[in-house]
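Accompanying notes for the structure given below.
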2 protein chains.
Amino acid sequence: MKIDPKKPADLSAQIAQAIRDAIVSGRLIVDERLPSEAELADQFHVSRPTVREALKRLAAQSLIRTQRGASGGAFVNRLSFEDAYSQQITTSTLLLSMNAVSFDTACEARYALERACAPLAAVRRTPDHLATMRAEIFRQAQPGLTDEAFCASDVAFHRALVDGAGNPVLSYQLAGAVEAMQPLMNMITFSARSREEIIALHSQIADALEENDAPAVDTALVALEAYTRQLACNVAERHRKPA
Amino acid sequence: MKIDPKKPADLSAQIAQAIRDAIVSGRLIVDERLPSEAELADQFHVSRPTVREALKRLAAQSLIRTQRGASGGAFVNRLSFEDAYSQQITTSTLLLSMNAVSFDTACEARYALERACAPLAAVRRTPDHLATMRAEIFRQAQPGLTDEAFCASDVAFHRALVDGAGNPVLSYQLAGAVEAMQPLMNMITFSARSREEIIALHSQIADALEENDAPAVDTALVALEAYTRQLACNVAERHRKPA
DNA sequence: ATTTTTTATTTGTCTGACATTTAAAAGTCT
DNA sequence: AGACTTTTAAATGTCAGACAAATAAAAAAT
């Protein structure tokens, strides 16, 4: 593991990259202990603060974890799906907000991905998934629910749908898309009428999944996408002439 | 922006989280300059190295960038799609390798996502996308191509397909799935016969896209998924009885 | 044998210093 | 005055050394 002494600045970035490469390439395996900070400082011919900055970079990506005390140190971290979820949600959220992706583009992507899960979910969904979806539908029908709470329940419903596909990779990929859209969804004001409509479509989806009817799930998802985009369009309309 | 002085350890993590929250919530906007390290150290009542560790964490997530010199400092970074791509590829790759996701699971996820792009790509693909795909197909047919080069070309082909959907959010989501699978794909030895088969299916896909024939794209993708899984299955077979 | 104490190791944090980069201010010359 | 050069100040990058706190293993005491 070497770093280029010619490149002047950002030694900590180079060291982080060297260690990252070692992890990605498998030269450092899960739960293996890295040398202590002092040893790393010697190896790379830098000071301990510089090594520490490099390690913090890796910790921010959940590539390593650290423990204090004797026989402590930095260990290669087994990246959990949870860690990956939360990282992706942060990244996706920022990407959507900072790059000013249009609601339509985000919505299209989200429902395209969800429709990809539908056929699998129709086959593999467990009673547990169905129960979660029914519970969220029930919650969405509660009067006096705030728009934020309604959106949160919507997210939970769709996560259950995605998880129903029984493919953790899909769940991981979709977590970002679904959750990152929540801030955009929160801008929509859900009238009692529109909530009814959404709940009806959610029920259609749950029913179709219960009966393992993939085409029906797809139909309902298409309708839900169209309705969501229409709601968003109305919001934009209202913003244009706010009188 | 406050940090909890009760929590004993990992001040840098707390500070990083505080700044991260400020960025995600929009209190710090793109290209805004953060206070200097010395000022941040004062504000949070910590030393400069601690602040620096926090900033390096954020830099590792591409949330900030730093500039040296007068009027330099740390600036909120506009997260580019490129940054997000590469981060997700790293995360996805590690997730697949560390969690020992089966080839089938990864393959299923990847093709489910690609099929989600197909209908959009059939409508929106540009001559440019088609040209890229044709070029990759041509490259794949070259004799003497290594398995790694064949895989790389395969990835490029599928990226063109995904990009053809004209939805940057989908491209971003799928970059991880497609690229992260490359190490797994590299384990497959592609015989001349199997390459022919794959190239034929790639051509089918390109033809169908050219004719805006979404169902045909779907059919070819289904066939390609089945064939890929069969190849992987043969590899597993050979590994079981290596004589 | 069990419990307690000590000790060594390692990360977490602080202080202070110097090097390097960079833009702006000051100075100089035409 | 205007263009060029030099100086200066501010900021990050790096280093050295120190102490605090946590923790597990070794040593000691019961």
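Quick note on labels: first sequence line is chain A, next is B, and so on, each numbered from 1. Side chains included, hydrogens not; waters and symmetry mates left out as well; all remaining heavy atoms used.
- Counting only heavy atoms from C-beta outward, the side chains of Gln87(B) and Thr91(A) approach each other to under 4.5 Å.
- Side-chain atoms of Glu37(A) and Leu55(A), non-hydrogen and from C-beta on, do get closer than 4.5 Å to each other.
- Nucleic acid contact class of Arg33(B) (heavy atoms, under 4.0 Å, all strands): sugar-phosphate only.
- Between Glu53(B) and Lys56(B) there is no salt bridge, since none of the side-chain N atoms of the basic residue sits less than 4.0 Å from a carboxylate O of the acidic one.
- Nucleotide dA11(D) holds its P atom 16 Å from the CD1 atom of Ile64(B), rounded to whole Å.
- Within the 4.5 Å cutoff, the side chain of Tyr172(A) has no heavy atoms near those of the Pro168(A) side chain.
- The CD atom of Glu37(A) sits 17 Å away from the P atom of dG17(D) (whole-angstrom rounding).
- Taking 4.5 Å as the limit, every side-chain heavy atom of Leu95(B) sits out of range of all side-chain heavy atoms of Val169(A).
- By the 30° and 60° cut-offs, the orientation of the rings of His158(A) relative to His202(A) is perpendicular.
- Between the CG atom of Leu40(A) and the P atom of dG12(C) there is a distance of 13 Å, given to the nearest Å.
- In this entry the distance linking CD1 of Ile15(A) with P of dT14(D) reads 8 Å, nearest Å.
- Between Arg65(B) and Asp83(B) no salt bridge is recorded (no basic side-chain N to carboxylate O distance below 4.0 Å).
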Interface polar pairs with nucleotides 23-26 of chain D, N/O, under 3.5 angstrom:
from    : atom 1 : to       : atom 2 : distance (Å)
dT23(D) : O2     : Ala70(A) : N      : 2.9

TODO: Would you sketch DNA chain D in dot-bracket for me? Only Watson-Crick or G-U wobble pairs with both distances under 3.5 Å count, crossing pairs as [ ], other-strand pairs as |, the rest as dots.
DONE: ||||||||||||||||||||||||||||||
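- Checking side-chain atoms of Ser153(B) against main-chain N and O of Glu136(B) turns up a donor-acceptor pair under 3.5 Å.
- Listed nucleotides: dC15(D), dT12(D), dG12(C). Nearest to the side chain of Ser36(B): dT12(D).
- Checked against dG12(C), dT10(C), dT12(D), the side chain of Thr66(B) finds its nearest nucleotide in dT12(D).
- Rounded to an integer number of Å, the gap from Leu11(A) CG to dT21(C) P is 12 Å.
- When the shell of 6.0 Å around CG of Asp104(B) is examined, it contains more than 12 heavy atoms from other residues, nucleotides or ligands.
- Looking only at side-chain heavy atoms (C-beta outward), Ser71(A) and Arg33(A) stay at 4.5 Å or farther from each other.
- Remark: of the listed residues Val30(B), Asn77(B), Val76(B), Leu63(B), Leu63(B) is the sole one forming a side-chain contact (heavy atoms from CB on, under 4.5 Å) with Leu94(A).
- For DNA chain C, the residues of residues 48-61 of chain A within the heavy-atom distance limit of 4.0 Å (strictly under) are Arg48(A), Arg52(A), Lys56(A), sorted by number.
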